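Note that the structure is a prediction, hence the values are computed from the model and not measured. Counting begins at 1 with the first residue of the sequence.
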Amino acid sequence: MKTVNKSIRKKDAIPLITGKPVFTDDITPEHFLTVKLLRSPHAHARVLSVSKEEAMKVDGIECILTHEEAPKTRFTTAGQSYPELSPYDRLILDPLIRSVGDPVAIIAGWDEKSVAEAMALIQVEYEVLTPLLDFRTAIDSDIIVHPEEDFRSLVDVGADPKRNICATNSAVLGDVEKELADSAYVVSEKYHTLSNNQAMMETFRTHTSMDPYGRLVVTTSTQVPFHVRRILSTALEIPKSNIRVIKPRIGGGFGAKQTIVSEIYPALVTKVTGKPAKLIFTREESMTCGRPRHESEITVRLGADEEGNIKVIHMHSLWNAGAYGDHGPTTVGLSGHKAMTIYNKIKASRFDYDVVYTNTMAGGAFRGYGATQGFFALESAVNELAAKMNMDPTVLRMKNMLDKNQVGNTMPTYYNEILGSCHLDNCLTKAKEMIDWDNKFPARDMGDNKVRSVGCAVAMQGSGISNVDVGAVEIRLNDDGFYTLLIGASDMGTGCDTILAQMAAESLDCDVDNVVVHGVDTDLSPYDTGSYASSTTYITGMAVVKTCEKLRVKILQEGARLLDLPVEEVEFDGEKVFSREHIKEVSLLDIGNSSLVGTNQYLTASESHFSATSPPPFMAGLVEIEVDTQTGQIDLIDYVAVVDCGTPINPNLARIQVEGGIVQGIGMALYEDVTYDKKGRLIQDSFMKYKIPSRLDVGNIRVEFESSYEPSGPFGAKSIGEIVINTPSPAIANAVYHATKVNVRSLPITSEKVAMSMLENELNPS
C-alpha cells in the first residue's frame, strides 16, 4: 500500500506546534458576553429564592437567569445516539440541587470583572438537605436524589428513581452456581475503582451567536457535534433546524466532551439576548463540574478446574452514576460484556449490574468507557486465581483467553458476535519476550529492601457500537484534480483527519496531500455519530472506502465520455483515465477542470456506513516495577504493550495512542485519588491536589503491534483508541503482589496501602 500503514505526519501538526489560533477560544469573535455560573456550595438543597436585583445594577451586566426564566423540559447531556439510554433527569437550572456545583444562576456581562462583581451580589436562600454520598447505601435509601414526577426514560433500562436506581439488568448463561460448586479453585473478591478526571489540556468551552437568519450558531470543543445539536434542541425547546454546531480543533477530550457540559448556558444567553456569548470553564470547574469516570465496586466470582481451565465467571457491577444518569446505563455494560468475553471457553456466566444515584458529581465517558473498571476487577481475579494455583499468570491466560484458533467462533457474552480476527496469543508471547518474563517472573530481591517484580494483564475493547454508530463522508473532485473530503467525525487530537485522508488517498491512488479534509459543521458535514466508542477508524473509515469506490466509478465514466470511449475500455490510475488500446488519455486535472464547465459533470460522492459487528482489538500489557518493602513506594521500571488493532493505518499515530493510554492507565492505577468531604465537596479540585503522572513517573514504555487482519474493517483495520488504557491497573496490581504478597483491590495503589497491608500480613501471617 502507498499511504495506508505508513507513518504520515498529521495534517494539523505544523499549525498546532507553532501555536496557530485553531481552538474554540482562539476563534471567538471580539465582542461577546462573558458567561459565568453561580454554583451551589451544597450537595443537596432546595433553592427557595434568588435575589438578583442588586446584581443587575452592576454596569455591563446584560442578564441574570434563574430557574424561573429557564426552560422546564428535562433532558440528558449524554452524547449518545437517539433514543438515548440515559434518563431525561436534568433541567438547565433546577430548584432542587443534587450535587455541589449545580448551577443556580447564569450571569452574562460585557467583561469578567462586572460578571464577578454581580455574582458576589446575588443572594440565594437554600433549604439544605442531607446528601447521599455513599453509593453502596444508595438503593432504597431514605434520601431520594430524583423525586421529581417528570423524570422519564426513552428506553427501559430498569430505572426506578424512587429507589435511586438509574439502571439495572442481569444476563445469565448456563448454571453458574453448579459450575462454581464443581470448581477446584474459586476466587470471590470485590474490587473498587474511584472516579477519574480526564484532565484534558483544553477545558470545556463554547461560544454562541445568532446568524443573519436568526439561527443559533454554537462553536464548541466537542466530540459529538450532531448530538450537541439534538440535546440543545430539547433543552432550549427550539427546532434542530434553528441550530448550527461547529467544531474547531479540540485540545483533548478522552470522553469528557462526549457529554454536553458547557454548551447549554451560553446558548440560552444568546437565545434570550440575541447577542454572542462565551463560557470558558476554569480548571476547577472542569474538575468539579465535569463528567469523570464512574466510581465502581465490582464483585467477581471465578471458578476453574484442577488444570486451570476457567469454567465460570460471575461479575456484579455497582456503579455510581452520581447526581445524574448521563452515561451510567451505557458505560456499565462494558464492565462485564467486554471483560468476560476475553475468556470465551467458559461453561457458565452471569453479569448483573446496578447503577445508582447519589449526591456526588455525575459520571460520564472516559477512555475505556467502563471496560477499564471491569478489566481491573476480572484481570485481578484471574491473577489471584493463578496465585492460588501456583501457576504463571501468563500460562493461565494462554490456556483460557481468546486466540487465533477461535476465529470464527461465537462469543456468547459479547452479544453473540462472531470473532473475525485475533492475535492476542501472539501479543502475549511477544510481550513476554520483550520484558524477559520467564527470567524475571515473579520477583527478584535487589537488596537494600528493594524488590523487582513483574505483572501481566490482557484486554479487549470494541470498534464502534454495533448496529448503532453511523459514519458518513462526502468527497468531491475539484478543479485541478484535488479532492475535498467532508467528514462528520471529530478529530480531538487523535489524527482522524489524517488517517481518513490516508484511506481516501489509498483508495484514489493519489498523494495524501491531494486530499483536503474539512470538518465538522452540522450545516455542511455528513452525519456522523461522533468520535467515541473507538468508532472512527472502523466505521467512518469504511464510509471513506465506500465513498471513494463510488467516486472512482464516476471518474471512469466521465473520463470515458470525454475520450468518447466505452467505460469498459478505460482505466484510472489516480492521475489519468486512459485506454492503452486506443492510446488515448485524459488527466484528472482536466477532468476536474472540465467538470465545472458547461454540460460536464461535477463529480462528488457520499456514502454512509454502519456495522452489525464491533470487532475487538486486543492488547497484552506486562510491567516491571520496583517496590521498597519498607515504605511501599512503587517505581515503574518498564511497561511493554503489544497490540492487535488489525492493520495500523498510521503506525506512528497508533503508537502515540498506545503510549498515551498507558500513561493514563498508570495514573488511574497509582496516583489519581478522588475524595469528598462530609458535605459532598470534591477535595481534589486542582492539579495541586489531583496527581496525574508526569514523564518522570511512568518509566520506560515500549510498544509493538501484532496485527491480525479484520475482514470487515477498512484495509483490515480495527480500533486503537480505548483498548490501550485497560491493562495498566491489573498488571501493576499483579506486580505488587509478586513483590509483596499483597493484593491491593482498591485503586489507586498507594505506598500507604502497600506498606500497611504488608505490616498486617506480618502481624497476621495466616
Side-chain angles (χ1 to χ4, degrees), residues 1-23 26-27 200-202 221 223 247-254 367 471 473 475-476 478 480-520 525 531 534-538 540-541 543-545 547-548 574-575 617 641 643 645-663 695 701-705 707 713-721 724:
M1 292 182 283
K2 296 178 181 178
T3 54
V4 164
N5 199 222
K6 300 294 186 293
S7 294
I8 292 170
R9 187 173 68 189
K10 284 180 64 182
K11 280 185 169 288
D12 58 356
I14 299 304
L16 291 176
I17 65 173
T18 55
K20 298 298 183 185
V22 295
F23 299 102
D26 297 331
I27 59 175
M200 60 281 180
M201 288 188 293
E202 182 194 32
S221 182
Q223 298 171 222
K247 180 209 75 72
R249 280 279 169 262
I250 302 177
F254 309 116
R367 191 179 207 165
V473 303
I475 190 160
R476 302 168 179 170
N478 303 297
D480 282 0
F482 74 96
Y483 301 97
T484 300
L485 177 63
L486 301 176
I487 65 174
S490 297
D491 192 325
M492 49 180 166
T494 54
C496 81
D497 287 3
T498 303
I499 64 169
L500 294 175
Q502 285 180 253
M503 287 189 258
E506 189 71 44
S507 300
L508 293 167
D509 289 311
C510 69
D511 188 273
V512 71
D513 289 334
N514 210 41
V515 181
V516 176
V517 185
H518 190 281
V520 178
S525 303
S531 293
S534 302
S535 62
T536 304
T537 297
Y538 180 72
T540 310
V544 169
V545 172
T547 300
C548 290
E575 296 181 354
V643 182
C645 60
T647 303
I649 302 299
N650 187 313
N652 271 2
L653 295 183
R655 187 178 305 277
I656 290 167
Q657 285 286 299
V658 181
E659 292 171 349
I662 289 170
V663 171
R695 184 64 188 89
I701 296 175
R702 295 182 288 148
V703 176
E704 296 293 342
F705 297 95
S707 299
F715 305 100
K718 297 184 282 192
S719 73
I720 187 69
V724 294

Evaluate the side-chain proximity of [Y] to [X]: yes if any heavy-atom separation is below 4.5 Å, no if none is.
| X | Y | answer |
| --- | --- | --- |
| Phe23 | Leu16 | yes |
| Met492 | Phe254 | no |
| Asn5 | Pro651 | yes |
| Thr647 | Ser707 | no |

As an exercise, state the distance from [atom1] of [X] to [atom2] of [Y], rounded to the nearest 0.5 Å.
| X | Y | atom1 | atom2 | result |
| --- | --- | --- | --- | --- |
| Gln502 | Asp511 | CD | CG | 10.5 Å |
| Ile487 | Thr547 | CD1 | OG1 | 12.0 Å |
| Thr484 | Asn478 | OG1 | CG | 3.5 Å |
| Arg695 | Ile701 | CZ | CD1 | 5.5 Å |
| Lys6 | Ile499 | NZ | CD1 | 15.0 Å |
| Asn650 | Ile720 | CG | CD1 | 11.5 Å |

Heavy-atom closest contact ([X] atom, [Y] atom, distance):
| X | Y | answer |
| --- | --- | --- |
| Glu506 | Thr3 | OE1-N, 2.7 Å |
| Tyr538 | Ala717 | CD1-O, 3.7 Å |
| Lys11 | Ala501 | CE-CB, 3.4 Å |
| Ile250 | Ser221 | CG2-OG, 3.4 Å |
| Ala504 | Ile475 | CB-CD1, 4.2 Å |
| Met1 | Phe715 | SD-CD2, 3.8 Å |

Practice task
Give a yes or no on whether the backbone of Val545 and the side-chain of Ser507 come within a donor-acceptor separation of less than 3.5 Å.
Solution key: no
Practice task
May I ask you to decide if Ser535's main-chain N or O and Ser719's side chain share a donor-acceptor pair within less than 3.5 Å?
Solution key: no
Problem - Donor on one side chain, acceptor on other, Ser531 and Gln223, under 3.5 Å - result: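 Checked: Ser531/Gln223 side chains show no N/O donor-acceptor pair below 3.5 Å.
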Problem - From CA spacing to verdict: side chain to side chain contact (heavy atoms under 4.5 Å, CB included), Ile662, Glu659 - result: CA-CA 5 Å; Ile662 289 170; Glu659 292 171 349; 5.9 Å; no
Which residues share a salt bridge (charged side-chain N to carboxylate O under 4.0 Å, His left out) with [X], sequence neighbours left out:
| X | answer |
| --- | --- |
| Arg249 | Asp12, Asp497 |
| Asp509 | Arg552 |
| Lys247 | none |

Problem - Partners passing side chain to side chain contact (heavy atoms under 4.5 Å, CB included) against Ile14 (at least two apart in sequence or in another chain) - result: Arg9, Ile17, Thr18
N/O donor-acceptor pairs under 3.5 Å from side chains in residues 513-520, not counting sequence neighbours:
{"unit_1": "Asn514", "atom_1": "ND2", "unit_2": "Gly481", "atom_2": "O", "d": "3.0"}

Practice task
Applying side chain to side chain contact (heavy atoms under 4.5 Å, CB included), run through Leu653 and Gln657 and close with a yes or a no.
Solution key: CA-CA 6 Å; Leu653 295 183; Gln657 285 286 299; 5.7 Å; no
Practice task
Any side-chain hydrogen bond (donor to acceptor under 3.5 Å, both in side chains) involving residues 487-496? Give me the pairs, sequence neighbours left out, ordered by first then second residue.
Solution key: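 For residues 487-496: none.
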